[in-house]
Amino acid sequence: MYILVSLDGNHEPLLIAFSLGTIKCDDSWVWFMRRLEECLGDSTKVSFISHMSESIDFAVRRVYPDSYHDYCCKNIAEKIRASTGSNTVVEQLFWKTCKTYNMSDFYACLNNLQNKVNENDLHLLDKIVIAKWVRAFFPKVRFNVKFIDIPDVVNWIKTNRHELPITTVIQMVHDPMQGVYVQRAAFRGEFHGLLTPYALKVLQKIFIHSDSCRVWHIVGDIYEVSTYLTTESVQLERRICTCGKWQKCGIPSDQLITSLQRLEIEETQQMVNLKLTTAV
């Protein structure tokens with residue numbers, strides 16, 4: 001089963017398309033991607049996060065050559081677990097490294113990983129292009145996405161092999177997912193806030209963490225913010241923070257929130273990426 005899932009503005013998986021095809025077949029995956037392109041249109045900008053698969057790699061390059069394509073970190077962690085005999089130290093250090101927001105933090109974590117782990121346990125990561133699994137190297141907003149879970153109904157059908165007609169399988173996926181779409185539409189009609197509950201929850205946590213920050217105005221819209229560990233700079237109009245969080249997640253960082261509070265700017269929610277609004 002070929003599955004395409006999107007992550008909505010409330011950080012929940014939403015099934016976009018699915019198909020039944022031959023495993024590890026380049027032509028089948030290209031066909032699937034072509035149908036996706038027809039549905040979304042040529043002007044839609046997309047990025048992909050997928051399992052490590054040569055067939056998926058081939059299809060994305062063929063149909064969406066200008067898109068950004070990363071690997072699912074959860075899938076890589078599973079492979080690391082299998083190749084290292086469930087070495088939790090390697091897996092924990094891997095997750096810490098892949099979650100970094102900027103280059104300096106990445107190289108610090110990578111150096112720590114290389115120093116504490118046997119070189120033979122890193123052979124898998126050596127074969128994967130860094131830009132495919134490290135958040136800091138992703139060129140656009142990644143919305144804190146490291147992997148996307150498959151909707152339960154699709155996962156159940158995918159993992160339970162049944163001798164069922166194709167039309168029955170399609171119907172088993174189609175009907176409950178239509179119910180999900182109806183629920184999302186109803187939620188949108190009832191919820192009148194600017195941001196989704198997920199974005200509001202993240203902002204609330206950031207507000208709490210920002211209490212320990214101190215801010216200095218440098219020049220224009222540039223501010224310097226420090227904590228007991230780091231010092232970062234913020235450019236408000238360009239929506240840039242040197243920590244990298246604002247650019248990668250679409251939600252203001254602790255440092256930015258501190259700057260906004262000191263400036264007495266109440267419309268902090270306006271600084272959140274448009275995708276995380278209820279309207280979208």
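Quantities reported herein were computed from a predicted structural model and do not represent experimental measurements.
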Quiz prompt | Hydrophobic cluster of Ile222, others only, ordered by chain and residue number, side-chain cut-off 4.5 Å | solution = Ile218, Val219
Exercise. Please list, chain by chain and in numerical order, all residues satisfying side-chain contact (heavy atoms from CB on, under 4.5 Å) with Val129, sequence neighbours excluded.
Key: Ala131, Lys132
Self-check item: Sequence-distant partners of Cys243, side-chain contact (heavy atoms from CB on, under 4.5 Å), two or more places apart
Solution: Glu232, Cys241, Lys245, Ser253, Gln255
Quiz item: Side-chain contact, heavy-atom cut-off 4.5 Å: Asn112 with Leu93?
Solution: yes
Quiz item: Are the charged groups of Glu38 and Arg35 less than 4.0 angstrom apart, N to O?
Solution: yes
Practice problem: Determine the minimum heavy-atom distance between Leu195 and Thr278, stating which atoms define it. | Solution: O-CG2, 3.5 Å
Quiz item: Among Asn75, Asp70, Thr97, whose side-chain contact (heavy atoms from CB on, under 4.5 Å) with Trp133 holds?
Solution: Thr97
Quiz prompt | Remaining members of hydrophobic cluster (4.5 Å side-chain criterion), Val30 | solution = Tyr2, Leu4, Ile16, Trp29, Trp31, Phe32, Met33, Leu36, Leu40, Val46, Phe48, Ile56, Phe58, Val60, Val63, Tyr64
Quiz prompt | Nearest heavy atoms of Pro252 and Val272, plus distance in Å | solution = CD-CG2, 3.7 Å
Donor-acceptor pairs under 3.5 Å, side chain of residues 165-179 to any protein atom, not counting sequence neighbours: which ones?
from   : atom 1 : to     : atom 2 : distance (Å)
Gln171 : NE2    : Asp175 : OD1    : 2.8
Gln171 : NE2    : Asp175 : OD2    : 3.3

Quiz prompt | Pairing residues for Lys96 by the side-chain contact (heavy atoms from CB on, under 4.5 Å) criterion, not counting sequence neighbours | solution = Cys109
Self-check item: Minimum-distance pair of heavy atoms, taken over all atoms of Ser50 and His69
Solution: OG-NE2, 2.7 Å
Quiz item: Closest approach of Arg34 and Arg62, non-hydrogen atoms and distance?
Solution: NH2-CG, 3.9 Å
Practice problem: Of all the heavy-atom pairs spanning Asn102 and Ser104, show the shortest one and how long it is. | Solution: OD1-OG, 2.9 Å
Self-check item: Heavy-atom donor-acceptor pair, Asp221 side chain to Gln235 backbone, under 3.5 Å
Solution: no
